2 protein chains.
Amino acid sequence: MVSCTSISDAYPVEAQLLRTFVAVARLGSFSGAAVELGYTQAAISQQIAALESDLKVPLLNRRPVSTTEAGARLLEHAEELLLRLDVARADVTRMTQPPAAALVVGATPLAAGSSGLALALSALRRRRPRLDVTVQVGARANVLTSVARGEFDVGLTDGLTAPGDPLSEFSSLTAVGISQAGVAIVLSCDHPLAGRAGLRLSDLADARWIEASDVTSPLSEIRRLAGVDGFRPAFRYDGSDTMSLIRLAAAGHGLTLLPETALPPTGISAVRVTSPRVVHRVDFVHGSLREGSPAAELAALLAPRG
Amino acid sequence: MVSCTSISDAYPVEAQLLRTFVAVARLGSFSGAAVELGYTQAAISQQIAALESDLKVPLLNRRPVSTTEAGARLLEHAEELLLRLDVARADVTRMTQPPAAALVVGATPLAAGSSGLALALSALRRRRPRLDVTVQVGARANVLTSVARGEFDVGLTDGLTAPGDPLSEFSSLTAVGISQAGVAIVLSCDHPLAGRAGLRLSDLADARWIEASDVTSPLSEIRRLAGVDGFRPAFRYDGSDTMSLIRLAAAGHGLTLLPETALPPTGISAVRVTSPRVVHRVDFVHGSLREGSPAAELAALLAPRG
DNA sequence: CCAAGTTACGAGTCACGTAAGGATT
DNA sequence: AATCCTTACGTGACTCGTAACTTGG
């Protein structure tokens, strides 16, 4: 046991380099990231080189572009870090502005549809008739970053989880589960399984599936939960409208997995998934809530529900 | 409900500005921060001005220097953020290096003394005789940042908490409580309270206290836990040696609060604190542990203990 | 009036863009 | 041959330091 002297040195890692790295890693392309970030391709190359020489580790494999092991590790940290930077900026900036006469709610399509959002908003508008409420529907990642940046006051995201729930993947945002529902597979009426009471996900590994990652969980996620391979996309739906997706599935273009709460009460043939035990959960996500703000009131309205 | 378009814009906040801001806020001085960071005072002034103009909020009051409300908010985010940057760097950098033949443990003085550290290290050295073990003792903040930076493989910190324990103040590091003990006040033998079985902290608010923030909890913390004012420093001990502090207290220079486990078995008069119910807890702190590393083994040895 | 932060200004650096160069498919 | 990343190089912007200025105790 020796007494300690504190050491402190130069610390070059700068945020812009991380932003660029994340963009390149996500897009799998230097030139793509250049367009997205408004730089030239050469600048991107230089920034990545700077980051790699700073950390003294190759972060990306080139041609095709993919993350190295170290790069993957950095990516995890970087995404969280940049999100938190956004939270910090939003949090501080908010303090200058007047106490928000409007409420902007971001939501993924299924979160907007299921969960008590519509009811909670009704209750809120009853209590604050003059409040200007906006709901914006978008992909999960966009909802999260927009909430982090303060563009949305709060967000609702959804996803599949095992009934025992971890999922607090971003430590800079607070997430609370506000509703859970079973999940079901939408089938065409003439499908052999139609009418069954329940089914096992793994039995459908070889069926034709619809990849609709803007609406429901991507097939890769379903594959992971089922624990078996398969679930290959036979059809791709890029829209964000739930009803259209249901119609496509009902018309036999492929299977899709949705929470039971998202299904229309009649006219659609759907079978409950009984194994594995997964639930569709809606999470209420927010940064720091200001006492008495509309966002805080909405949180209170949503929280107590099961 | 309207469909969504994702928005994305310029994001100037850079890490260096945050480092400077944190230094200034912590030291309460531009010129002090300049010395610490190796800049001129003017540069610091410019960096703070840049940050404030970027965020469009005054962050610091000048003369004397203190944080504004917005600044205080930013400070919370910034400290966590910078720590996480360090964690990211250490995590990635570690991947280049060979699998560590040495183990460096950082610890606060009381954490090194109490807790099963000595025993756990013995067990570890028995299993890995050739392992080069170093224990460095330092202040809590230094231990945390050094662990974050990878300078220490793991850390042991200590502090007072209510028996129901939150304390995971840094989301980028993992902390596990590994030992708890009651706390006691060290008295001189001729002190009127000496020999009592227990006492209430609030009864000692007006006594002479020793401020020894490098060893035990600062008086401000004790004041907070007691819930009453007082606990004013009558004596200041800047060292990090527990025994010296105990001797000073025993000699009547003032009171000090220590975990019972840190007291020598005989020769010292000390009285247990019975109210409020606080415990001294030692936390085991680490970043990401590599499978099979000495650090991971030590974690396993320390974890099961109560 | 002194300590401490701000402002002005010049200099050096650093990072970007242009453009040419490789490499891989 | 086409695409995509890297390298070379010149230029512009940015940030730092010096030094003069200002303000508050």
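Sequence lines set the chain letters: A, B, ... in the order given, protein chains first and strands last, and positions in each chain run from 1. Every value quoted in this text rests on a predicted model; they were computed, and no experiment measured them.
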* To do: Assign B:Ser31 to base, sugar-phosphate, or nothing according to its heavy-atom contacts below 4.0 angstrom with the strands shown.
  =>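 It contacts sugar-phosphate atoms only.
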Length of the [atom1]-[atom2] vector between [X] and [N], whole Å:
X: B:Leu51; N: C:dT6; atom1: CG; atom2: P; value: 13 Å
X: A:Leu17; N: C:dC14; atom1: CG; atom2: P; value: 14 Å
X: B:Leu60; N: C:dA4; atom1: CG; atom2: P; value: 16 Å
X: B:Asn61; N: D:dT23; atom1: CG; atom2: P; value: 18 Å
X: B:Tyr39; N: C:dG5; atom1: OH; atom2: P; value: 17 Å
X: A:Gln16; N: C:dC14; atom1: CD; atom2: C1'; value: 14 Å
X: B:Arg62; N: D:dT22; atom1: CZ; atom2: C1'; value: 14 Å
X: B:Glu52; N: C:dT6; atom1: CD; atom2: C1'; value: 12 Å

* Please test A:Asp54 against A:Lys56 for salt bridge (charged side-chain N to carboxylate O under 4.0 Å, His left out), starting from the C-alpha separation and ending with a verdict. => CA-CA 5 Å; A:Asp54 174 22; A:Lys56 299 182 191 60; 5.5 Å; no
* Asked: Does CG belonging to A:Asn61 count more than 12 external heavy atoms closer than 6.0 Å?
  ->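 Result for CG/A:Asn61: enclosed.
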* To do: Decide yes or no on salt bridge (charged side-chain N to carboxylate O under 4.0 Å, His left out) for B:Arg84 and B:Glu79, but give the supporting numbers first.
  => CA-CA 9 Å; B:Arg84 192 170 192 108; B:Glu79 292 188 310; over 6 Å; no
* Asked: Where the side chain of A:Thr145 meets the backbone of A:Asn142, is there a donor-acceptor pair that is under 3.5 Å apart?
  ->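 Indeed, once roles are kept as given, a pair shorter than 3.5 Å links the two residues.
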* Considering only heavy atoms and no angle criterion, is a donor-acceptor pair shorter than 3.5 Å present between the side chain of A:Arg63 and the base of D:dC5? ->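 A donor-acceptor contact between them is absent.
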* Asked: Side chains of A:Arg73 and B:Ser288: closer than 4.5 Å at any heavy-atom pair?
  ->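 A:Arg73 vs B:Ser288: side chains touch.
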* Ion pair check, A:Asp91 and A:Arg89, cut-off under 4.0 Å ->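 No, no charged N to carboxylate O under 4.0 Å.
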* Strictly below 4.0 Å, heavy-atom distances to any atom of DNA chain C: list the hits from residues 41-48 of chain B, or just say none. =>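 DNA chain C contact set from residues 41-48 of chain B: B:Gln41, B:Ala42, B:Ser45, B:Gln46.
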